[in-house]
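Please read the structure below before turning to the comments.
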Amino acid sequence: MPELPEVETTLRGIAPHLQGALVQDVIVRNAQLRWPIPAALPSLLRGRAILGLQRRAKYLLIAFEHGTLILHLGMSGSLRILPHGTPPERHDHFDLVLDNGKLMRLRDPRRFGAVLWHKGDILEHPLLVTLGPEPLGEAFDADYLYRATRSRSAAIKLALMDNHLVVGVGNIYANEALFRAGIRPQLPAKRLSRARCAILVQTVQEVLRAAIDKGGSSLRDFIHSDGSSGYFQQHYFVYGRGGEVCHRCRTPVRVIRQGQRSTFYCPHCQH
DNA sequence: CTTTGCACCTGTTGGC
DNA sequence: TGCCAACAGGTGCAAA
């Protein structure tokens, strides 16, 4: 499911319930996610205190004194806070049972998500160490984007979705940011002017911030950590609107494939 | 180094 | 109505 706004919303939803709690138990119903859930996890976490939570890219990081629990929601994962004893349903693979009467439950039908453990400095984990800057952080600015794209002949949309260049820009917001910037998704990244890099940085941040402000509810099956369904109508300019008319100029929105993903753009507004 | 395509897996949708 | 291919929010990895 999640794009970055959903992950950020999930973090904000679960953090108050986990912060400072002790882990009473760890229940693994199906360890076969993208990578196997470490078998040692229950013995590693039982009785330990949760020190804090943070997000890096779309990874959720839960800090303990002796290491960090890494969670990723993949395409279809969601986390919920539930009372002890809530019966699991289909695809509920993992529970973190807390000493405050609550549990955090991971549901992930497609099992592209991950639950991993890392002792030591979390930012040195192999999955995190190669990541580019946060899209909403200071390091992602016009100058950075301009320099980082000079050697890239690949389409700007593919570059935008490359985690080495910048993290957290998924298919929905890559499409939307490029529309708002008036940039054609197929344009080779290295052909973007400095000025257009500045605009793109701005529109990327704009669409992500707006979605976070709305509570990360851009996805049909997004479920808040309190179990409520968070979906309400999101206003997309192009994403998912192939064949419908552009909201700005009434030209039909075009659909192409880039890197095995659907790209939507307006041939009149984007160049 | 960059680029490309594949792989993982289940559920939903749309066309016939 | 039923069947089946195509597609869906991600991203690490191998190979070129």
Side-chain angles (χ1 to χ4, degrees), chain A residues 1-11 29-37 55-60 70-79 89-94 106-116 118 125-132 135 147-177 185-192 207-208 211-212 214-224 229-232 234 236 238-244 255-264:
Chain A
M1 61 127 205
E3 289 243 15
L4 185 104
E6 285 75 22
V7 179
E8 180 64 29
T9 300
T10 297
L11 173 70
R29 297 186 193 80
N30 185 353
Q32 302 312 305
L33 302 186
R34 179 159 198 191
W35 297 280
I37 299 177
R55 176 187 63 71
R56 173 73 175 107
K58 292 173 186 168
Y59 293 95
L60 290 167
I70 305 173
L71 302 178
H72 198 287
L73 301 177
M75 288 265 249
S76 59
S78 59
L79 290 172
E89 294 177 28
R90 195 161 155 72
H91 305 307
D92 287 343
H93 308 309
F94 174 85
L106 171 69
R107 176 176 299 179
D108 186 3
R110 290 179 75 177
R111 289 190 277 125
F112 288 172
V115 177
L116 299 168
H118 181 70
H125 189 280
L127 289 175
L128 304 187
V129 78
T130 59
L131 295 175
R147 274 183 292 190
T149 49
R150 289 313 87 189
S151 62
R152 298 211 174 215
S153 52
I156 181 59
K157 182 184 177 233
L158 293 173
L160 210 50
M161 293 180 70
D162 181 348
N163 280 341
H164 300 291
L165 197 126
V166 61
V167 301
V169 185
N171 198 33
I172 295 176
Y173 298 111
N175 279 295
E176 291 297 300
Q186 309 93 313
L187 186 75
K190 58 162 66 161
R191 301 221 335 244
L192 269 189
V207 294
L208 292 177
I212 291 171
K214 284 198 171 187
S217 54
S218 56
L219 303 179
R220 244 186 302 281
D221 58 359
F222 180 65
I223 295 167
H224 282 285
S229 151
Y231 180 66
F232 50 91
Q234 192 94 351
Y236 292 135
V238 286
Y239 180 77
R241 300 193 60 248
E244 298 170 42
V255 194
I256 59 171
R257 299 289 288 182
Q258 287 182 297
Q260 297 92 235
R261 315 298 296 276
S262 292
T263 293
F264 304 87

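Every chain is numbered from 1, with letters handed out A, B, ... down the list of sequences. Bear in mind that the values here come from a model prediction, so they are computed numbers and not experimental data.
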Given L60(A), L208(A), I212(A), the one that forms side chain to side chain contact (heavy atoms under 4.5 Å, CB included) with E8(A): I212(A)
Starting at atom CD1 of I156(A), determine the distance to atom P of dT3(B), rounded to an integer number of angstrom. 11 Å
R107(A) CZ to dG11(B) P: how many Å, rounded? 11 Å
Report which part of the nucleic acid H164(A) touches: base, sugar-phosphate, or nothing (heavy-atom distance under 4.0 Å, all strands). nothing
Looking only at side-chain atoms of R34(A), point me to the closest of dG5(B), dT10(B), dG12(C). dG12(C)
Could you work out the separation of dA6(C) and dC6(B) based on their P atoms and round it to a whole Å? 14 Å
For a quick test of reading the model: is some side-chain N or O of H91(A) closer than 4.0 Å to OP1 or OP2 of dC9(B)? no
Between dT11(C), dA8(C), dT10(B), which nucleotide has the shortest distance from any of its atoms to the side chain of Y239(A)? dA8(C)
With distance as the sole criterion, is a donor-acceptor pair present between the side chains of S262(A) and R257(A) under 3.5 Å? yes
Nucleotide forming a Watson-Crick or wobble pair with dC16(B), both distances under 3.5 Å: dG2(C)
Side chain of H72(A): nearest nucleotide among dG10(C), dG11(B), dG12(C)? dG10(C)
Would you indicate which nucleotide in dG10(C), dT2(B), dT10(B) comes nearest to any side-chain atom of R90(A)? dT10(B)
Go nucleotide by nucleotide along DNA chain B from the 5' end; which of P109(A) and R152(A) gets its closest nucleotide reached first? R152(A)
For residues L160(A) and V166(A), report the shortest heavy-atom separation together with the two atoms involved. O-CG1, 3.6 Å
Roughly how many Å is it from CG in L165(A) to C1' in dG12(C), rounded to a whole number? 17 Å
Listed nucleotide nearest any side-chain atom of L158(A), set dT4(B), dC8(B), dT2(B): dT4(B)
At under 4.0 Å between heavy atoms, what does L33(A) touch on the DNA or RNA strands: base, sugar-phosphate, or nothing? nothing
How far apart are the closest heavy atoms of Y173(A) and E3(A), and which atoms are they? CD1-OE1, 3.1 Å
Base, sugar-phosphate or nothing for R150(A)? Non-hydrogen atoms, less than 4.0 Å. nothing
For a quick test of reading the model: is some side-chain N or O of S262(A) closer than 4.0 Å to OP1 or OP2 of dA8(C)? yes
Nucleotide of dG12(C), dG10(C), dT3(B) approaching S153(A) most closely (side-chain heavy atoms): dT3(B)
Answer yes or no: is there a side-chain heavy-atom contact under 4.5 Å between K58(A) and V167(A)? no
Give a yes/no on whether any side-chain N or O of S151(A) is located under 4.0 angstrom from OP1 or OP2 of dT2(B). yes
Atom-pair distance (CD on Q32(A); P on dC9(B)), nearest Å: 9 Å
Ignoring hydrogens and angles, does a donor from either the side chain of R110(A) or the base of dC9(B) sit under 3.5 Å from an acceptor on the other? yes
Rounded P spacing from dC8(B) to dC4(C) in Å: 22 Å
Nucleotide of dT4(B), dG10(C), dC7(C) approaching A154(A) most closely (side-chain heavy atoms): dT4(B)
Here the distance between atom C1' of dG5(B) and atom CG of D162(A), to the nearest Å, is 14 Å
Decide, applying a 5.5 Å centre-distance limit and a 30° plane-angle limit (both strict), whether F112(A) stacks on dC8(B). yes
Any side-chain heavy atom of V169(A) within less than 4.5 Å of one from L4(A)? no
Q260(A) atom CD is separated from dC7(C) atom P, nearest whole Å, by 12 Å
Picking from dT11(C), dG10(C), dA8(C), the nucleotide nearest the side-chain atoms of R257(A) would be dA8(C)
To the nearest angstrom, the CD-P distance between E89(A) and dG11(B) comes to 13 Å
In whole Å, what is the span from the CG atom of L116(A) to the P atom of dT11(C)? 13 Å
On a whole-Å scale, what distance lies between the P atoms belonging to dG11(B) and dT1(C)? 23 Å
Do L128(A) and H118(A) have side chains that get closer than 4.5 Å, going by heavy atoms? no
